[in-house]
Amino acid sequence: MGLLIAFIARLITGAQGHWKGCAPKAEQRIYFANHQSHLDWVLIWAALPSELRATTRPIAARDYWTGSPFKHWLTREVFNAVYVNRQRTDDQDPLEPLQDALRNGDSLVIFPEGTRSNKGEPQPFKSGLFHLAGQFPEAQLIPAWIDNVQRVMPKGEVVPVPILCTVTFGAPLQLQPGEDKRSFLARARQAVLDLRPPESDT
Amino acid sequence: MNLGRLRHLTVNEQVALLFLALFGVLVLVTVAVALRSLASDDERRWREQQFRRDLRAVWVGALVFWVAWVSGPVGATLAFGAFSFLALREFITLAHTRRGDHRGLILAFFVVLPLQYLIVGLQRFDLFSVFIPVYVFLAIPVVSALAGDPRRFLERNAKIQWGIMVCVFGLSHAPALILLDLPRFQGRGAFLLFFLVIVTAAAQIVQELAGRRLRRTAAGAPHRPPLLAAGLGAGRAGRRGHGGRAVLDHAHQRRARRCWARWPAAAARWANW
């Protein structure tokens with residue numbers, strides 16, 4: 001099933017991965033990327049070499065992705081998603097499932113904007129990335145830019161149109177000692193933006 | 001073997017011989033490359049890697065083409081339908097469509113393309129020649145107009161229409177060559193198709209080689225042939241004068257020109273999976 005989805009994703013979008021700043025290696029990584037479409041995760045996943053797909057996991061909102069048996073099966077069995085609660089409860093840290101996964105040695109893909117943006121520029125990043133960077137300094141933080149995907153499936157459409165997309169992976173980012181949240185998140189956002197291909201005019 | 005004896009073979013045997021020759025040449029080239037890479041130094045390795053990638057693409061292209069021929073008209077129609085899909089995908093990627101084009105593109109990819117190849121398969125050549133140039137050319141702007149985006153309406157539609165024209169209508173003539181009932185040429189359409197594919201593949205290879213050679217000369221040698229220097233100068237002036245846009249247009253045109261000359265090598269992407 002996973003292979004079939006990757007095949008369809010490549011058929012429709014090409015899903016070409018450009019490894020500009022790092023090689024596709026089996027190290028523990030947190031990929032963070034711009035978020036414009038529901039397809040973003042599938043695209044990153046399909047752009048990864050198949051041996052990395054099993055240990056690279058997406059984040060899924062628990063209430064939505066366990067809502068129907070199919071969605072639950074897809075995220076659990078195929079994508080091996082990390083479920084998070086969107087409603088914040090006082091006794092639980094929302095990042096806890098992510099921390100468990102990282103302690104497990106898995107890699108994660110996160111979209112720090114928190115929501116899909118259909119403007120060209122990504123919105124300011126949420127702080128989760130900063131906390132994870134502080135707690136797991138051994139995991140590499142890899143910025144990624146997903147290009148063209150908003151043309152494949154604009155918001156509100158259900159049928160994707162075949163258009164070639166690229167995922168550009170950049171050089172790993174590190175949290176500098178003493179760096180505060182705001183400047184780190186701004187730097188991370190800029191790292192993602194810097195990967196945007198020059199001809200992209202969204 | 002002399003040519004007289006070739007004439008006595010059936011058409012199928014003749015085509016099979018052609019394929020034998022093609023694969024023979026490919027095997028020879030592959031072996032030669034493998035032998036040369038044993039003795040090569042690091043410096044040439046990169047170039048050889050590129051060449052090997054191209055060679056693999058040609059292999060995949062030749063195999064796909066062979067499978068299409070072996071499986072008969074249905075196989076050929078399906079294979080060229082797939083090429084059509086890949087070609088149109090590249091064309092539309094370069095055309096910079098807008099949100100309002102979405103429905104029109106769905107129509108192009110998932111309705112027009114399969115229908116055109118279905119028409120080829122059913123050998124309805126009267127409908128085949130008017131379906132896209134007449135009916136689809138009318139339908140696309142209508143669907144697009146329903147999306148209600150008036151910005152650059154004519155330009156956007158013209159691009160999609162001609163994408164379909166080149167990548168679907170044009171390419172669908174390739175399987176039609178096999179299926180057409182040509183007077184005094186019955187059953188020999190495969191030769192025409194073979195000729196078409198060989199010419200296209202040769203053009204692709206020559207262009208690729210020439211492009212590499214010219215680029216290398218331009219980068220390394222101070223003495224350029226005047227024609228090339230003029231060409232390069234013009235290209236650079238354009239870049240400097242009009243800023244990013246000129247570079248973009250230039251690159252786009254180059255890719256666009258390449259994209260529909262290279263459909264046999266579109267299979268190359270698949271080889272990298």
Side-chain angles (χ1 to χ4, degrees), chain A residues 2-19 23-24 36-39 42-43 45-53 116-120 146-168 196-202, chain B residues 81-114 140 143-144 147 149 156 159-160 163-164 167-168 239 243-256 259 266-273:
Chain A
L3 280 177
L4 182 73
I5 292 178
F7 175 79
I8 292 173
R10 292 205 155 189
L11 188 66
I12 301 239
T13 67
Q16 291 170 322
H18 294 178
W19 299 84
Q36 294 173 309
S37 155
H38 281 314
L39 288 177
V42 182
L43 210 66
W45 184 73
L48 290 173
S50 52
E51 63 269 21
L52 298 189
R53 285 182 201 147
R116 286 176 290 151
S117 63
N118 50 4
K119 319 269 184 308
I146 305 171
D147 198 48
N148 244 353
V149 72
Q150 70 286 359
R151 288 173 63 204
V152 173
M153 208 158 85
K155 231 174 178 173
E157 299 283 349
V158 277
V159 183
V161 152
I163 285 176
L164 294 174
C165 302
T166 54
V167 185
T168 312
R196 178 155 66 169
E199 67 261 36
S200 161
D201 48 1
T202 38
Chain B
F83 284 145
S84 231
F85 180 86
L86 297 178
L88 187 60
R89 193 181 69 168
E90 272 203 62
F91 195 107
I92 296 298
T93 303
L94 297 172
H96 278 269
T97 53
R98 290 164 59 80
R99 264 206 68 169
D101 296 322
H102 196 80
R103 297 283 162 84
L105 290 176
I106 289 175
L107 187 73
F109 276 103
F110 299 119
V111 179
V112 173
L113 195 150
I140 293 283
V143 173
S144 191
D149 181 1
R156 280 162 38 213
K159 282 178 179 169
I160 297 174
I164 297 173
C167 302
V168 182
R239 269 166 223 214
R245 194 72 222 174
V247 181
L248 177 61
D249 286 345
H250 188 65
H252 270 197
Q253 280 163 12
R254 210 175 49 218
R255 270 199 76 188
C259 105
R269 287 179 200 292
W270 299 60
N272 289 331
W273 287 15

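Letters go in sequence order (proteins before strands), and every chain restarts at 1.
- The line from CD1 of B/Ile106 to CD of A/Glu157 is 5.5 Å long, rounded to the nearest 0.5 Å.
- A 6.0 Å sphere centred on CG of A/Leu4 holds more than 12 heavy atoms belonging to other residues, nucleotides or ligands.
- Interatomic distance, B/Phe109 CZ to A/Ile12 CD1, rounded to the nearest 0.5 Å: 9.0 Å.
- Side-chain atoms of A/Val161 and B/Thr97, non-hydrogen and from C-beta on, never get closer than 4.5 Å to each other.
- The shortest heavy-atom contact between A/Leu164 and B/Thr93 is N-OG1, 2.9 Å.
- Counting only distance, with no hydrogens or angles, the side chain of B/Arg89 and the backbone of A/Leu11 share a donor-acceptor pair below 3.5 Å.
- With a 4.5 angstrom heavy-atom cutoff, B/Arg103 touches chain A only via side-chain atoms.
- B/His102 NE2 to A/Met153 CE: the interatomic distance, rounded to the nearest 0.5 Å, is 8.0 Å.
- For A/Pro160, the part lying near chain B is the backbone, with the side chain staying farther off; criterion is any non-hydrogen pair under 4.5 Å.
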